[in-house]
Amino acid sequence: MSHDHHEPLPAQGKADFGKLIPVGGIMLLVGGGLSAVAYGQGQAQFFQSYLFGFVFWMLLTLGCYGLVLLHHTVRGQWSVPLLRIWEAGGGATMLITMAVLFAPVVLGLSEIYHWTDKHAPFDKLLEAKRWWLNDGFFILRQGIYWFVWIVTAWILKRSSLREDKTRDTNEAIRRTNISAPSILLFLLMVTVCWTDWVMSIEAHWYSTLWGALFMVYQGLMGLAFGTVVFLTNARKEPYNLVVNPKITKDLGNMMFAFTMLWGYLTISQYLIIYSANLPEETTYYVFRTDNSWNLLGAFVVLFSFFVPFLLLLAPRIKAAANTLLLTAALIFVVRIFDVFWLVAPAFHHGEAARTTFGVRIGDVGSLLLVGGVWIAVFATQLRKANLLPLHDPRLPEGVPQHVA
Amino acid sequence: MAPKNPLEETFIEGEQSYASLDRAIGDIVLDQKRQPGLKWWVPFAIGFTLLQVMMLALTVLVFTGTGIWGINNPVGWGFAIINFVWWIGIGHAGTLISAILLLFRQQWRNSINRFAEAMTIFAVMCAGIFPLMHTGRPWVAYWLMPIGPDTLRMWPQFRSPLVWDVFAVSTYFTVSALFWFIGMIPDFATLRDRATKVFPKVAFGIVSMGWRGASRHWHRYEQAYLILAGLSTPLVLSVHSIVSLDFAVSLIPGWHATIFPPYFVAGAVYAGFAMVLTFAIPVRKWYALEHVITMKHIEWMAKIMLATGLFVFYGYLTEVFFAFYSGVEWERFMMMNRMTGPYWWAYWTLIFCNGLVPQILWSKKIRQNTAILFVVCMFVSIGMWLERFVIVVTSLHRDFLPSSWGMYFGTVWDWGLYLGTIGFFTFLMFLFMRFLPMINIFEVKELFSRMIGAKPASSPAVAKAEVGAHE
């Protein structure tokens, strides 16, 4: 695919996200059916599987939310065409949707987290953690997270939409002033929320890298997803006006940086826990390398790090929209396996502190169920505003200001 | 004011021409009357004096042994490791500026990269002294190299990050020195051509290695420079990550933490930019370089300091949260001992210097006030030293066995060697400023050519008018 430098591609119709709504509907129906079957098989399995689906889509939601904050803080040019995609994926409506979809996790709290069990035999470590891991405080924290996220997302989006109309550039400065401290708050909340949702499944285990690691998971998902949405419509209006080798190179470089960070943090955590060889820490990796889990882990390392690393190293891949699209799609799809490897093994207890390998019907079900709702909400949100933030002076030259 | 693309901002101020830039930077070296007199001699003399203190401390050390230091049992890692980590960290700003900012095409790096690269090399030289002396037998330091069983009848312990450090730091030094030297070749040629006296003409003629500015020269130069940048980029992460693993792979509470690698890297960049600013702020004034190292450069560096400082502060908060979340008795004790034990003053001074003081950098006014910024940088340098002190000493002095608890303080020889390396660093920096081009002449000229050749729409005045039209 060859590009004339910075000349807009010929348009092949308008980008239409309405088509995604029935796709979401079908995913919801299929996922709902599978989840119902899983529920029939047993409540514990259903709730544990449900957490997997929730975690996957919540990572994407917070990734989009975090990238909006990053965009407003550093005011980079490369992220301008993706802003509206992230605003839809991590906006107030999406966050409210995810809060509603969090309800099953709260309902199944005792099936998911064994620290909720008050009648379990005395456990010294769990007793010491009671101040943080108790039902009341857990629920209260969830309220705080969603309140802060929804309010900040709502304020930022409103300001961004208002600027489209009024062209008041003070709005941009206001967004920067809100976003910069919000990133800090976001980092703190990401650390504790993923400690709550994922780390506390294995309540004895902890890792201080958790927050940084999840920032990278989220960033990678948000970037890859945004790139996929952007580049599948590369030849449609209005995206055809902004797709050029420079923007694909910048997006490729960002994904490359996040891929390297993924590898860097993953190997750091593994190496430190492996070298110290403390029984209470190594269980995490023992569970995840037992039986066939190690094959899944190797697959994740290969396709989360080595393959995208080598692909994104090549300038040719980053110069063309279609090759970068395939790379971003790969990065996004591999996240399913990555998150599965992260969440599921803890629930597959075998005998004598071992894990059994397997994919449950509810795992697929919850991924489709939550995903169906997510995609339908995403599409509706994306259709509500201009696909490009027209007010932005950093949009490449030549984008007519009337394009919607 | 509209948010501007940083790449299109002007990083050279005033009315300039290629010749005026040559004069402003190159003639500092060629024309000794351009040297700021006492302002150069006083810091140089202080550096030179402290350098003698270092030589004395090293001599006594080699003749007597590490017993003259304060290290004891249980605190076997004292000033030597603290100072090693501190100096290695300071070098990181140079690598970040030269490698990562080059790859990301950040043009504001162009006038500070040479300066920061020199700091990297000198800081690594200072850092290297400490572990070398800490071995106790520096004359057999070659045992750290995998020379092989035929000669030594042994291998180093490859599983130890201390051995990885040897490779990481020596690679770091080699690549940084190459980067620095190759980057200077075109400027050496400029100086050779501009020199009127015989000695500089011959000296710069030799080091410019026959550079004539041919297009083939530039082509190869650009390729070599990009390859070196690619090689340096992982070094920004790997060197300090491996330093952090010296601690993290152990079982000691307060050391064994998975966040250590990124947290150490952020701390290194933080300390590095503080040191670059510490030198850049006075030097740009003394040498009248304000039009090349502009307020925009200063502000960018202050912003990077703020961002990395916040991540470091986040690291402190994470350590506290997870010490209590973990429920592990030893972790909790370690954290309480840090905050309320005999070294409480070190911990809280560290939080003040590294966590609280830099928060004033949120204000644009303060980022542009060089006097306050200079003071903030001093706090950061002290804070980063205290951070390593807290990590090394508080974790060791009260270990698992209360019967072996003790206290640790540096002796006069510890302090002598530490201050001595600061002198060594200052001495080298001021020699560098006097005899080598401290700002990249050709990159500034390239930036200038892009500025004057840029399309009218990119110039700030016109861009402003365009935005105004939308309102």
Side-chain angles (χ1 to χ4, degrees), chain A residues 74-77 124-133 166-170 172-173 176 180-181 183-184 187-188 191-192 195 199-200 203-213 253 257 260-261 264-265 267-278 280-281 391-394 397 401, chain B residues 1-8 100 103-104 159-161 230 233-234 237-238 241 244-245 247-252 255-263 265-266 303 306-307 310-311 313-315 317-319 321-329 331-332 362 455 457 463 466-468 470-471:
Chain A
V74 302
R75 297 172 169 185
Q77 191 165 20
K124 199 181 164 194
L125 267 182
L126 279 192
E127 277 312 309
K129 294 176 119 162
R130 210 40 97 200
W131 69 277
W132 183 264
L133 294 179
T166 63
R167 307 283 160 135
D168 177 8
T169 45
N170 283 325
I173 295 169
T176 304
I183 284 192
L184 203 61
L187 177 59
L188 293 175
T191 308
V192 284
T195 301
M199 197 199 286
S200 81
H204 284 180
W205 186 79
Y206 75 98
S207 165
T208 50
L209 191 61
W210 212 237
L213 200 57
N253 281 341
M260 288 218 284
L261 279 176
Y264 168 61
L265 296 185
I267 188 71
S268 297
Q269 178 172 282
Y270 180 75
L271 199 59
I272 290 169
I273 289 176
Y274 171 85
S275 302
N277 203 18
L278 285 168
E280 58 264 43
E281 288 182 354
H391 60 76
D392 203 300
R394 291 157 303 176
E397 285 166 43
Q401 294 294 306
Chain B
M1 200 185 82
K4 266 190 290 177
N5 178 359
L7 297 183
E8 286 172 6
I100 295 190
L103 295 182
F104 277 98
R159 279 179 296 180
S160 166
T233 304
L237 290 178
S238 67
S241 294
S244 82
L245 290 180
F247 301 96
V249 298
S250 73
L251 293 168
I252 310 291
W255 289 9
H256 178 61
T258 48
I259 198 166
F260 258 38
Y263 154 59
V265 170
K303 277 183 182 172
L306 177 63
L310 286 170
F311 190 79
F313 194 31
Y314 164 77
L317 295 176
T318 322
E319 282 184 322
F321 171 71
F322 281 105
F324 289 95
Y325 173 83
S326 72
V328 178
E329 205 179 326
E331 293 284 339
R332 286 187 176 185
W362 285 96
K455 281 177 290 179
E466 263 186 1
V467 171
H470 295 317
E471 281 168 357

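Protein chains get the first letters and strands the later ones, always in sequence-line order, with residue 1 at the start of each.
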query: Is it the backbone or the side chain of A:Ile183 that comes under 4.5 Å from a heavy atom of chain B, or both, or neither?
result: neither
- prompt: Side chain, backbone, both or neither: which part of A:Thr176 has a heavy atom under 4.5 Å from chain B?
  reply: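 Neither part.
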- prompt: Between OG of B:Ser241 and CG of A:Leu271, what distance do you get to the nearest 0.5 Å?
  reply: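 Answer for the OG-CG pair, B:Ser241 versus A:Leu271, is 10.5 Å.
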task: Any chance you could measure B:Trp255, atom CH2, to A:Ile272, atom CD1, to the nearest 0.5 Å?
output: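 So the CH2 of B:Trp255 and the CD1 of A:Ile272 are separated by 14.0 Å.
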So which atom in [X] and which in [Y] form the shortest heavy-atom distance, rounded to 0.1 Å?
{"X": "A:Lys129", "Y": "B:Tyr325", "result": "CE-O, 2.7 Å"}
{"X": "B:Pro262", "Y": "A:Leu265", "result": "CG-CD2, 3.7 Å"}
{"X": "B:Thr318", "Y": "A:Thr208", "result": "CG2-O, 3.4 Å"}
{"X": "A:Ala276", "Y": "B:Leu251", "result": "O-CD2, 3.4 Å"}

Region of [X] that comes under 4.5 Å of a non-hydrogen atom in chain A:
{"X": "B:Ser326", "answer": "both"}
{"X": "B:Phe311", "answer": "side chain"}
{"X": "B:Arg332", "answer": "side chain"}

- prompt: Within a strict 4.5 Å, meaning less than it, do heavy atoms of the B:Phe313 and A:Leu184 side chains meet?
  reply: no
- prompt: Are any of the side-chain heavy atoms of A:Leu278 and B:His256 separated by less than 4.5 Å?
  reply: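 Side-chain contact under 4.5 Å: yes.
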- prompt: Mind checking whether A:Trp132 and B:Phe324 have ring centres under 6.0 Å apart?
  reply: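 Judged by ring-centre distance (under 6.0 Å), A:Trp132 and B:Phe324 do not meet the cut-off.
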message: Heavy-atom pairs under 4.5 Å with chain B: which of A:Glu127, A:Met199, A:Arg130 has the most?
response: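 Heavy-atom pair counts peak at A:Met199.
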- prompt: Highest number of heavy-atom pairs under 4.5 Å with chain B: which of A:Tyr270, A:Tyr264, A:Trp131?
  reply: A:Tyr264
task: Taking A:Tyr206 for its side chain and B:Gly327 for its backbone only, find out whether a donor-acceptor pair lies under 3.5 Å.
output: no
message: Does A:Thr191 form a side-chain contact (heavy atoms from CB on, under 4.5 Å) with B:Phe322? I'd like the steps, not just the answer.
response: CA-CA 10 Å; A:Thr191 308; B:Phe322 281 105; 3.9 Å; yes
